[in-house]
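Quick notes on the structure that follows.
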Protein chains: 2
Amino acid sequence: MHNALPSLPAIRAFEAAARLLSFTKAGSELGMTQAAVSYQIKLLEEKLGFPLFHRNARRIELTDKGKQLSLKVIDAFEALREAFYDVRNENDTLLVVSSNTTFALNWLATRLVHFQLANPDIAIRIVPYGPAARPEFLNSDVSISACYAPPKGWCHHRLVDATFTPMLSPELAETIGGVHSAEDILRLPLIDPGDPWWKIWFDKAGIKDVDLSNRPATRMGSQALEANRAIAGQGAGILTPYFCKHALENGLLVQPIDILASIDDEAWYLSYPPANKKSRKVRLFRDWILTELQKDGVLAEQAQKYNA
Amino acid sequence: MHNALPSLPAIRAFEAAARLLSFTKAGSELGMTQAAVSYQIKLLEEKLGFPLFHRNARRIELTDKGKQLSLKVIDAFEALREAFYDVRNENDTLLVVSSNTTFALNWLATRLVHFQLANPDIAIRIVPYGPAARPEFLNSDVSISACYAPPKGWCHHRLVDATFTPMLSPELAETIGGVHSAEDILRLPLIDPGDPWWKIWFDKAGIKDVDLSNRPATRMGSQALEANRAIAGQGAGILTPYFCKHALENGLLVQPIDILASIDDEAWYLSYPPANKKSRKVRLFRDWILTELQKDGVLAEQAQKYNA
DNA sequence: GTTATGCATAAATCTTCCTTATGCATAAGG
DNA sequence: CCTTATGCATAAGGAAGATTTATGCATAAC
């Protein structure tokens, strides 16, 4: 079919020179010297096998073929510029954050407004996702994922360590005369007995090999739901205290036992593809979220360990 | 207005990869390795600040923004390819030869058909031009110019040395009982007394400071016209024997005196801009014309001295 | 005539792009 | 289920090519 294009730097130089009808101006537009433009155009002419410009004393003009070529080439470059302009612009003003549901509901929902006030030029779209989804397929600019490490090669910040402990409504605790030990928990319904966190927590609390009916794990993606059911008194949930802060402070939930469990490397992560490292909106969002968490004193120690 | 474009090799790699949905295939289309494509696209993504492809295990797919961008970029490149394809193709099959009138009428007219038979794929357009025109403004692929050196920097071949001597019709010579000496010429009308060649020839013939009425010089551009007037018996012309060969052989003209004059560097030149050096049609035409002149034994000694 | 402008050219440098070599993950095939 | 093949990522080294600097030249402007 069509042959390969000649050298692209040469085409670019030609485009600018044809448009401006001056090698000097073309050079300055392209951020290079007049000599470089002259050289590139000479190369292109030799490649094509015919001259593109007439060299007059103090001005150049296009040859017939140069004119013919320039019309289309200038159009094509205009289209390219427009394409990149569009995609860059749209990109600068819209930040798409994919976030696992728990974090979106318990954290972003209440604080995002502060980021938006501080950065009125950036519009935000939150894409919540459950535990099954994978960040790399969400077409988002940054992603907040739960528990597991972010995709290979992505820049990531560990945000909040995934600690967990049973939580329940004070009313439910009262039904058994208060919860005073880990054993007491077992006398109550568990909201998601299949959640592996239960086993780990009971283990740490000294109750080995606790027998829990083996329902499918739903994990942190649904922690928000779990919390609501706990508040409603449907049972004890295994939850992360930081994300129940509000309910704890208002007496909707209590944390009966002072034992926190965790799993190495399980945490909430903020992550983004390396390509987004230099993106303004991404940097702003990243820095904002890290600062907020630091203020709360919950920022994971390894937060700063990311590919920068 | 619009910002500068990102690196063009990167855009090219993206275009091919987006079209073929494969870095490997893109690399092979562009004549480079898969690694190079991967690298270029990574650069582009970092420059833009967002990813263009999702990297799946064994296939890639475009992100939303990648898709959006690729549609326009592919179009723009298609336009570029078409532009170059058109201008190259048109160019390969049409050879525009600008030639000064003398050479066009006396030489090309009769022999060009041989070139065309030998190269049926090349169409020829002859643009004759008078002494006032300058080859560099004729939009021709090659130029045949008379007398003066070709434009600076152009590749050139000296074809035929500009030798000259008086010529006239046998009938006109008879009117004064035959022309036997240079002085006899002065007894006849001169077709273009202003032509400086006359002075030079008379000088060489031993007649210094000949007095010729000072009419404007018309020079070789009109040698064809001059020859015709000489054949018609209107006077003696100062002409180049090689270009009157036919008339001499048929007795339409005679060269009465055996003195040939010339001026250093005055000759017919074939020339073309350096850009055309590698053009097939230009090389074919150049080689053909040099061969033909060599067969005739009139090829100037310095013919091979050109910028190659 | 003098100056200033704009393009051409050559040499040297330096950037950038590309290749080679390798690793890694996954899909395919036995 | 294990092996093989495919496709992309990455790092280091190298080669090609682009760019700058310095200069020349021609002509238009003053």
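This structure is a prediction, so every number in the text was calculated from the model and none was measured. Residue numbering restarts at 1 for every chain, and letters A, B, ... go by the order of the sequence lines.
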Between the side chains of [Y] and [X], is the shortest nitrogen-to-carboxylate-oxygen separation below 4.0 Å, so that they form an ion pair?
| X | Y | value |
| --- | --- | --- |
| A/Lys65 | B/Asp141 | yes |
| A/Arg81 | A/Glu78 | yes |
| A/Arg55 | A/Glu45 | yes |
| A/Arg19 | A/Glu29 | yes |
| B/Lys281 | B/Asp92 | no |

| request: Go through residues 5-13 of chain B and report each residue with a non-hydrogen atom lying under 4.0 Å from DNA chain D, sorted by number. | output: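 None - not one residue of the stretch has a heavy atom sitting under 4.0 Å from the strand.
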
Rounded to whole Å, please give me the gap between [atom1] in [X] and [atom2] in [N].
| X | N | atom1 | atom2 | result |
| --- | --- | --- | --- | --- |
| A/Met32 | D/dG17 | CE | P | 16 Å |
| A/Lys25 | C/dG6 | NZ | P | 7 Å |
| A/Leu30 | D/dA18 | CG | P | 14 Å |
| A/His54 | C/dC7 | NE2 | P | 15 Å |
| A/Arg59 | D/dC25 | CZ | P | 23 Å |
| B/Asn56 | D/dC8 | CG | C1' | 11 Å |
| B/Leu21 | D/dG7 | CG | P | 13 Å |
| B/Leu43 | C/dT16 | CG | C1' | 9 Å |

Mind listing the N/O atom pairs, protein and nucleotides 9-11 of chain D, below 3.5 Å?
| residue | atom | partner | partner atom | Å |
| --- | --- | --- | --- | --- |
| D/dA9 | OP1 | B/Arg55 | NE | 2.2 |
| D/dA9 | OP1 | B/Arg55 | NH2 | 3.4 |
| D/dA9 | OP2 | B/Ser38 | OG | 2.7 |
| D/dA9 | N7 | B/Gln34 | OE1 | 3.1 |
| D/dT10 | OP2 | B/Lys42 | NZ | 3.3 |

| message | As an exercise, state the distance from CG of B/Leu293 to CD1 of B/Ile289, rounded to the nearest 0.5 Å. | response |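 If we round to the nearest 0.5 Å, B/Leu293:CG and B/Ile289:CD1 are 6.0 Å apart.
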
Closest heavy-atom pair and its distance - [X], [Y]:
| X | Y | answer |
| --- | --- | --- |
| A/Lys277 | A/Cys155 | CG-SG, 3.7 Å |
| B/Ala18 | B/Phe53 | N-CZ, 3.8 Å |
| A/Leu270 | A/Phe285 | CD1-CE2, 3.9 Å |
| B/Gln40 | B/Ala13 | CB-CB, 3.8 Å |

| query | Going by distance alone, is a donor N or O of one side chain under 3.5 Å from an acceptor N or O of the other, for B/Ser143 and B/Ser271? | reply |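 There is no such pair between these side chains.
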
| Under 4.0 Å between a side-chain N or O of A/Thr33 and OP1 or OP2 of D/dT19? |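 The answer is no; no side-chain N or O of A/Thr33 sits under 4.0 Å from OP1 or OP2.
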
| task | Write out the stems for DNA chain D, ordered by first number and formatted as range with range, counting runs of at least 3 consecutive Watson-Crick or G-U wobble pairs under 3.5 Å. | result |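 Detected stem regions: C:1-30 with D:1-30.
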
| task | Identify whether any heavy atom of A/Gly27 sits under 4.0 Å from a base atom; if not, whether one sits that close to sugar-phosphate; answer base, sugar-phosphate or nothing. | result |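 A/Gly27: no heavy atom of the nucleic acid under 4.0 Å.
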
